[in-house]
2 protein chains.
Amino acid sequence: MDTMKWEDGRLLLLDQTRLPGCAEYICCEDHGTVAEAIKRLSVRGAPAIGAAAAYGLVLGAMKLDCRDHGEFIAGVEKVAGFLSGTRPTAVNLNWALERMLDSIRSAAPARPEDLIDIMLREAEVIYREDLEGNRKMGEHGLELIPEGARILTHCNAGSLATAGYGTALGVIRAAHEAGRRVSVYADETRPLLQGARLTCWEMVQEGIPVTLITDNMAGYLMFRGMVDLVVVGSDRIASNGDVANKIGTYGVAVLAREHGVPFYVAAPFSTIDIRLGSGLEIPIEERNPDEVTHIGGVRMAPEGVGVWNPAFDVTPAGLVSAIITERGILRAPYEKAIRAMY
Amino acid sequence: MDTMKWEDGRLLLLDQTRLPGCAEYICCEDHGTVAEAIKRLSVRGAPAIGAAAAYGLVLGAMKLDCRDHGEFIAGVEKVAGFLSGTRPTAVNLNWALERMLDSIRSAAPARPEDLIDIMLREAEVIYREDLEGNRKMGEHGLELIPEGARILTHCNAGSLATAGYGTALGVIRAAHEAGRRVSVYADETRPLLQGARLTCWEMVQEGIPVTLITDNMAGYLMFRGMVDLVVVGSDRIASNGDVANKIGTYGVAVLAREHGVPFYVAAPFSTIDIRLGSGLEIPIEERNPDEVTHIGGVRMAPEGVGVWNPAFDVTPAGLVSAIITERGILRAPYEKAIRAMY
């Protein structure tokens with residue numbers, strides 16, 4: 001199933017909060033609906049958020065009542081600012097919005113309807129490039145995935161987190177397609193269970209053997225020698241190679257090093273935020289306490305408890321064995337490797 | 001609320017699977033009901049299982065139709081074998097049953113009704129000693145808990161896991177009662193959420209500030225410098241100091257060492273199984289996959305996934321800063337320290 005589809009001037013977003021029990025699309029006719037879908041994680045995963053925001057900006061532009069190029073750009077910038085405020089950590093969101101704005105800022109003076117055409121083409125390029133980039137990541141990643149590898153992943157960096165195919169799961173998919181009999185351990189990834197709900201769903205659909213564990217089992221799984229490598233996605237990578245990703249990634253990385261298990265990150269080059277010197281500068285979103293105290297709408301914890309609910313953490317570059325991008329594989333020292341590939 | 005109560009020849013067990021939403025007792029009139037309650041974790045926590053099994057053995061003995069001492073003992077041994085088979089990891093279960101059997105094996109020849117009296121007194125001693133032992137653990141532990149300590153704990157090693165007061169939470173309680181303004185971070189402890197449901201409930205009732213996190217946040221919590229020490233309970237400790245405890249404990253211990261955070265284990269001396277040379281010999285229970293795929297009866301993962309569901313893991317002694325027992329604090333080398341205190 002497609003994560004998102006542009007059809008008849010509307011954006012259809014697969015509602016990932018309801019998977020795997022129910023597979024339904026949210027029909028977005030304006031940028032407000034897209035923003036809401038991003039906020040409540042109906043669409044999530046850094047690259048998917050970027051692509052959805054790009055289409056959301058087109059929807060916002062279509063509603064503008066402007067006569068000239070300058071007025072139109074000012075209107076679109078306002079919509080972009082609104083969409084940009086939905087989630088703070090994934091850099092791909094702002095990267096995609098900036099790219100969309102650049103497409104019209106750099107265009108020759110034109111009527112709004114022509115500028116909307118330019119924007120729609122740019123959104124489609126972002127979407128298509130992400131898909132193609134993921135396939136290239138898969139090809140590059142192949143050299144890191146041995147025959148029969150037992151691979152641990154955290155959260156969902158699959159086709160649902162991207163325009164399709166996936167980053168971390170794209171690498172796994174490519175190995176599977178290449179005939180290497182890989183198998184997957186999926187951390188369930190509390191609080192919102194993207195591993196249990198989304199990664200397992202994708203793997204079952206692909207026919208890739210998948211075993212679900214709770215997040216706190218990852219350490220013992222490695223202790224027992226049941227994991228050959230870890231591969232995860234990322235929401236933002238600083239210029240020194242520090243990696244922000246779903247909460248829990250850092251713990252997995254520490255455990256991987258403790259057990260001599262390679263820890264790989266797969267992400268499009270657009271995830272690298274060269275403006276940031278280190279991961280300490282990456283803003284970490286803290287979300288609603290209810291995500292932790294409740295599961296499936298049912299309260300699990302007593303009234304009166306405090307809650308800490310960061311949605312992401314930062315894994316220092318020193319724990320990252322390699323970063324797989326569509327341009328090739330980056331290895332430490334990352335600062336130099338990133339600059340060389342820019 | 002009492003974890004268990006002996007009343008009018010029946011054992012009342014607080015049904016911990018329903019906390020904190022509902023606080024109700026299961027009335028056990030025979031050992032089969034006690035065994036069922038242990039298996040489904042209505043009563044859980046190594047010391048509590050031991051005490052419940054002791055009372056369960058009394059219930060089983062009361063149902064025997066035997067005329068002489070030898071026949072009675074044989075009957076009780078059979079019941080003990082049945083209760084012993086409920087859960088494999090916590091050594092306190094067999095320790096309590098053996099102690100109960102010893103009480104009648106070493107008694108002068110007597111009528112069954114007198115032997116039942118001896119057993120009931122022994123069960124009460126086991127229960128009372130556990131309670132007193134926990135308070136002593138709390139006193140010994142005080143020297144490890146500084147003023148204002150921010151303490152991370154995993155699962156529930158509280159009054160609910162024992163005859164009362166608790167092991168790990170007993171140490172925290174003692175520090176709180178001594179006026180050291182401690183605060184607690186509780187790992188929710190998937191799959192059965194004993195941290196979210198039971199530890200938070202106990203802390204809220206005691207007025208000890210508690211913040212709930214998902215298990216995968218523990219690493220980032222330490223990375224951010226928000227934890228001063230970790231204290232957990234144990235289900236079995238090998239003679240070399242390796243510690244079996246709720247799944248996820250090992251990962252917390254690795255993360256604690258990574259961040260220079262002391263990692264303490266609080267457990268009664270009966271948790272030490274001197275017959276075992278190392279933690280590798282501790283049997284690790286694997287439980288029903290539904291505990292992982294479902295939460296609150298609702299299926300979260302798609303059909304077709306495999307599941308790995310070990311209920312415990314083993315933390316090597318090298319990661320344990322100290323073991324707090326009712327007899328005093330043990331430090332490495334544990335083999336020697338344990339032998340000295342035996």
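Since the structure is predicted, the reported quantities are computational estimates derived from the model, not experimental observations. In what follows, chains carry the letters A, B, and so on, assigned in the order in which the sequence lines appear, proteins first and then strands, with residues in each chain numbered from 1.
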> Looking at D313(B), T249(B), D215(B), which one forms a side-chain hydrogen bond (donor to acceptor under 3.5 Å, both in side chains) with N216(A)?
Replying inline: D215(B)
>> For P316(A), which atoms come within 4.5 Å of any heavy atom of chain B: side chain, backbone, both, or neither?
In response: side chain
> Pick from R197(B), E188(B), M217(B), E291(B): which one has the most heavy-atom pairs with chain A under 4.5 Å?
Replying inline: M217(B)
> Where does the angle between the aromatic ring planes of W308(B) and Y220(A) fall among parallel (under 30°), tilted (30 to 60°) and perpendicular (over 60°)?
Replying inline: parallel
> What's the verdict on side chain to side chain contact (heavy atoms under 4.5 Å, CB included) for T293(A) and L212(B), showing C-alpha distance, side-chain angles and the deciding distance?
Replying inline: CA-CA 8 Å; T293(A) 51; L212(B) 175 63; 4.3 Å; yes
>> Please classify the contact between I247(A) and chain B as side chain, backbone, both or neither, with a heavy-atom cut-off of under 4.5 Å.
In response: both
>> Rounded to the nearest 0.5 Å, what separates atom CE in M300(A) from atom CG in L192(B)?
In response: 10.5 Å
> Out of R224(B), M222(B), R257(B), which one racks up the most heavy-atom pairs below 4.5 Å with chain A?
Replying inline: R257(B)
>> Could you check whether any side-chain heavy atom of L193(B) comes within less than 4.5 Å of a side-chain heavy atom of I295(A), counting everything from C-beta outward?
In response: yes
> Residue by residue, which of residues 232-246 of chain A have a heavy atom closer than 4.5 Å to a heavy atom belonging to chain B?
Replying inline: none
> If you look at every heavy atom in A301(A) and P20(B), which pair is closest and at what distance?
Replying inline: C-CG, 4.1 Å
> So, do V254(A) and V254(B) sit near enough that their side-chain heavy atoms are less than 4.5 Å apart?
Replying inline: yes
> When only pairs under 4.5 Å are counted, which of A253(A), A196(A), G219(A) shares the most heavy-atom pairs with chain B?
Replying inline: A196(A)
>> Between V204(A) and chain B, with a heavy-atom cut-off of 4.5 Å, which part of the residue counts as in contact: side chain, backbone, both or neither?
In response: side chain
> Can you tell which of G21(B), A218(B), P310(B), P289(B) has the highest number of heavy-atom pairs within less than 4.5 Å of chain A?
Replying inline: P310(B)
> Who in residues 151-158 of chain A is close to chain B, using a strict under-4.5 Å heavy-atom cut-off?
Replying inline: H154(A)
>> For L221(A), which atoms come within 4.5 Å of any heavy atom of chain B: side chain, backbone, both, or neither?
In response: both
> Can you tell which of G248(A), P209(A), G251(A) has the highest number of heavy-atom pairs within less than 4.5 Å of chain B?
Replying inline: G248(A)
> What's the shortest heavy-atom distance between V314(A) and F223(B), and which atoms?
Replying inline: O-CZ, 4.3 Å
> What part of E303(A) gets closer than 4.5 Å to chain B, counting heavy atoms only: side chain, backbone, both or neither?
Replying inline: backbone
>> Report which part of M203(A) has an atom under 4.5 Å of a heavy atom belonging to chain B: side chain, backbone, both, or neither.
In response: neither
>> I need the minimum non-hydrogen distance between C200(B) and V305(A), along with the two atoms involved.
In response: CB-CG1, 3.3 Å
> Relative to chain B, which segment of R299(A) carries a heavy atom at a distance below 4.5 Å: side chain, backbone, both, or neither?
Replying inline: neither
